[in-house]
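All remarks here apply to the structure that follows.
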2 protein chains.
Amino acid sequence: MFEKFFSIDSEKQERIIGAAVKEFALKGYEKASTNVIVKEAGIAKGLLFHYFNNKKDLYLFLYDRFSDILIAEFYGKIDWEETDLLRKLRQVTLLKFELMKKHPALFDFLRVAYEEKAADIRPSLEERNQGMTAEAYGCLFEHIDPSLFKEGIDMMAAVNMTVWTMEGLGQTLQVKMKDVSVEEIDQAAVLKEMDVYLELLRFAMYKA
Amino acid sequence: MFEKFFSIDSEKQERIIGAAVKEFALKGYEKASTNVIVKEAGIAKGLLFHYFNNKKDLYLFLYDRFSDILIAEFYGKIDWEETDLLRKLRQVTLLKFELMKKHPALFDFLRVAYEEKAADIRPSLEERNQGMTAEAYGCLFEHIDPSLFKEGIDMMAAVNMTVWTMEGLGQTLQVKMKDVSVEEIDQAAVLKEMDVYLELLRFAMYKA
DNA sequence: AATGGGATTGACCATAGCGGTCAAGAGTTA
DNA sequence: TAACTCTTGACCGCTATGGTCAATCCCATT
C-alpha cells in the first residue's frame, strides 16, 4: 500500500509523519489541512498524494501505525503476573504516563482520534476499535485476586473509582504542566500524589 | 444592546435561541453556520444580523444568558448550611443532574463552550470565567466541618477524588443513556449507584 | 386612502479554503 | 543522449462562509 513512502529516506519519512500527526492532533481530521502538512514537512503538495493516495488513507496510516506502536510497548512492559488490582492499576497508570512522556504527539493524535466525529473516518475507526476495549478489560482482570477485597465490595465499582481518580489526577497534572516543559516534570512528586489517592482507595476497599 | 431582539414576540425569540443554541452546541463556534440557524428558526438571514450585529455577539449573548440562568438556579436551590462535605457534594451532583435534565441543550452549549478553541471567542470566554471557578470552590467549602475527617486526611484530595468519581459516573451514565430518552432515566437507580461510591468514600475518609 | 417608517426578506457578494491533479522540471542512471 | 523516476507547485472545481442592502411587507397614524 505505501511502498513508495517506505522507499524514501527515513529522515524525510519522519518529517512528514511528524508534520501530519501534529496537524491532525491539533485540528482533528476535517479541519486539518494537507496544505499545512506539506508546508511544515517541506515537501510539495503533489508528493503527499503520491505517497498516500488521499487524506483519508494518510490518516488511517498514522492511526494504525501509532496504535501498533503503543500496544506493543504497553504489552511488552506490563507485569502480567500482578495479582493485586490496585497495584496493577498503579502500574498501568505509571506506564501510561511514561508513554505519554515518550510519545507526546502520538498520544495527542490518538486522543483526538478517539473523539473524532468526521463521517468520512468514523466507521473505519470504530471498526478498528472493535473488541479492543473488551480485550483491555480482560487482560486487566487476568490473575487478579479478589480475596484482597472486603466482603461485599463491588469490584467493578472499585476499578471504576480508581480509574476515574487516576484520570482526574492525570488531567489536572496536564493542566498544571501546560507551560512547563513536557520533558522534566517532577516524576517523584507525581508518584507521591498518586500514592496518596491509592492509599485512600486501598483503605476503603481492601481488607485490613 | 439587544433591544430590537427583546421587542419581538417571545415565541419567535425562543425559536431563534433554540436554533442557535442547538447549532452551536452541535458544531462549536466556528463550524456553526448562521445559515443553518436562520433556516431552523424560520427567519431570513438578514434578520438575525439585524438583531445581533454579528455571529460573535450572538454567541456571547447566548453564553451570558445561559450562564446567568444556570448560576441563578444553582445558587437558589443549594443548601448553604450543609456542613458535611460528602453530603454537600452529593447534593451538588444531584442538582447538576437535575439541571441537565431540565436544560439539556443549554448544558450542551456550555460544555462545548468550555472547550471552545476558536480564537475569535476565546479571550471573551476566558474573561468571563475569571474567578468563577475560584468562587465556586469557595462556596463549596463554606461551613464545612473538617472534624468529620480522619486525622491526616488531605481535604483537597478528598474533594478531588469525590468530584472525579462523580464526574466519571456521570460520563458513563451519559454514554449508557445515549439512546434512551433523556427525560426518563431511572433516577432511583442512578441515585443508588451514586451512593455506593459515596459510601465507599465516606468509609475511606471519615472517622468511624 | 394615503403616507411613513420600522420589520423583514433573500439574492447576492467577496473571500477563503479545501482536496486533489498533472504537465513540466530536476536528478539519476546507463 | 535517452529513458527513467522523483518531485514540484500552479491550478482546478467546488463548497461554504459571514455579512449586506435594495426591495418589499405590514401596520399605525393621519
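Within every chain, numbering begins at 1; the chains are lettered A, B, ... in the order of the sequence lines, protein sequences first and strands thereafter.
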Requested in this report: May I have the distance from Ile37(A) (atom CD1) to dG17(C) (atom P), rounded to whole angstrom?
Outcome: 16 Å
Query raised in the report: So, is Lys45(B) near the phosphate of dC12(C), with a side-chain N or O under 4.0 Å from OP1 or OP2?
Result: no
Query raised in the report: Could you state the CD-P distance from Glu30(A) to dC14(D), rounded to the nearest angstrom?
Result: 20 Å
Query raised in the report: Which of these nucleotides, dG18(D), dC18(C), dT8(C), is closest to any side-chain atom of Ser33(A)?
Result: dC18(C)
Query raised in the report: So Tyr51(A) and Phe5(A), would you call those rings parallel, tilted or perpendicular, with 30° and 60° as cut-offs?
Result: perpendicular
Query raised in the report: Counting distance only, does the side-chain N/O of Arg122(B) pair as donor-acceptor with the main-chain N or O of Lys117(B) below 3.5 Å?
Result: no
Report task. Mind checking Tyr51(A) for me? I need base, sugar-phosphate or nothing, with any heavy atom below 4.0 Å counting as a touch. Result -> sugar-phosphate
Report summary line: The single option from Thr162(B), Val159(B), Leu85(B), Asp154(B) that satisfies side-chain contact (heavy atoms from CB on, under 4.5 Å) with Met205(B) is Thr162(B)
Report task. Take the protein atom CZ of Arg15(B) and the nucleotide atom P of dT8(C), then report the distance between them rounded to whole Å. Result -> 10 Å
Query - Euclidean distance, atom CD1 of residue Ile121(B) to atom P of dG18(D) [Å, nearest integer] - result: 12 Å
Query raised in the report: Just how far, in rounded Å, is C1' of dG10(C) from NE2 of His50(B)?
Result: 15 Å
Query - Interatomic distance, Ile43(A) CD1 vs dA26(C) C1' [rounded to whole Å] - result: 17 Å
Report task. With DNA chain D as reference, determine whether Tyr29(B) or Lys4(A) sits nearer its 5' end, using the nearest nucleotide of each. Result -> Lys4(A)
**Report entry** Which nucleotide in dT8(C), dG18(D), dT7(D) has an atom nearest any side-chain atom of Lys55(B)
**Finding:** dG18(D)
Query raised in the report: Nearest to the side chain of Phe49(A) - dT21(C), dT8(D), dA7(C)?
Result: dT21(C)
**Report entry** Sugar-phosphate, base or nothing in reach of Lys56(B), heavy atoms under 4.0 Å
**Finding:** nothing
Query raised in the report: Between dT8(D), dT9(C), dC18(C), which one does the side chain of Asn35(A) approach most closely?
Result: dC18(C)
Query - For Ile121(A) against Leu60(A), the heavy-atom pair lying closest together - result: CG1-CD2, 4.4 Å
Query raised in the report: Quick check: are there more than 12 heavy atoms from other residues, nucleotides or ligands sitting under 6.0 Å from OH of Tyr114(B)?
Result: no
Query raised in the report: Rounded to the nearest Å, what distance is computed from the CZ atom of residue Phe5(B) to the C1' atom of nucleotide dA7(C)?
Result: 15 Å
Query raised in the report: Between Lys31(A) and dG17(C), is there a side-chain N or O to OP1/OP2 distance below 4.0 Å?
Result: no
Report task. For Leu47(B) and dC21(D), give me the distance from atom CG to atom P, rounded to whole Å. Result -> 17 Å
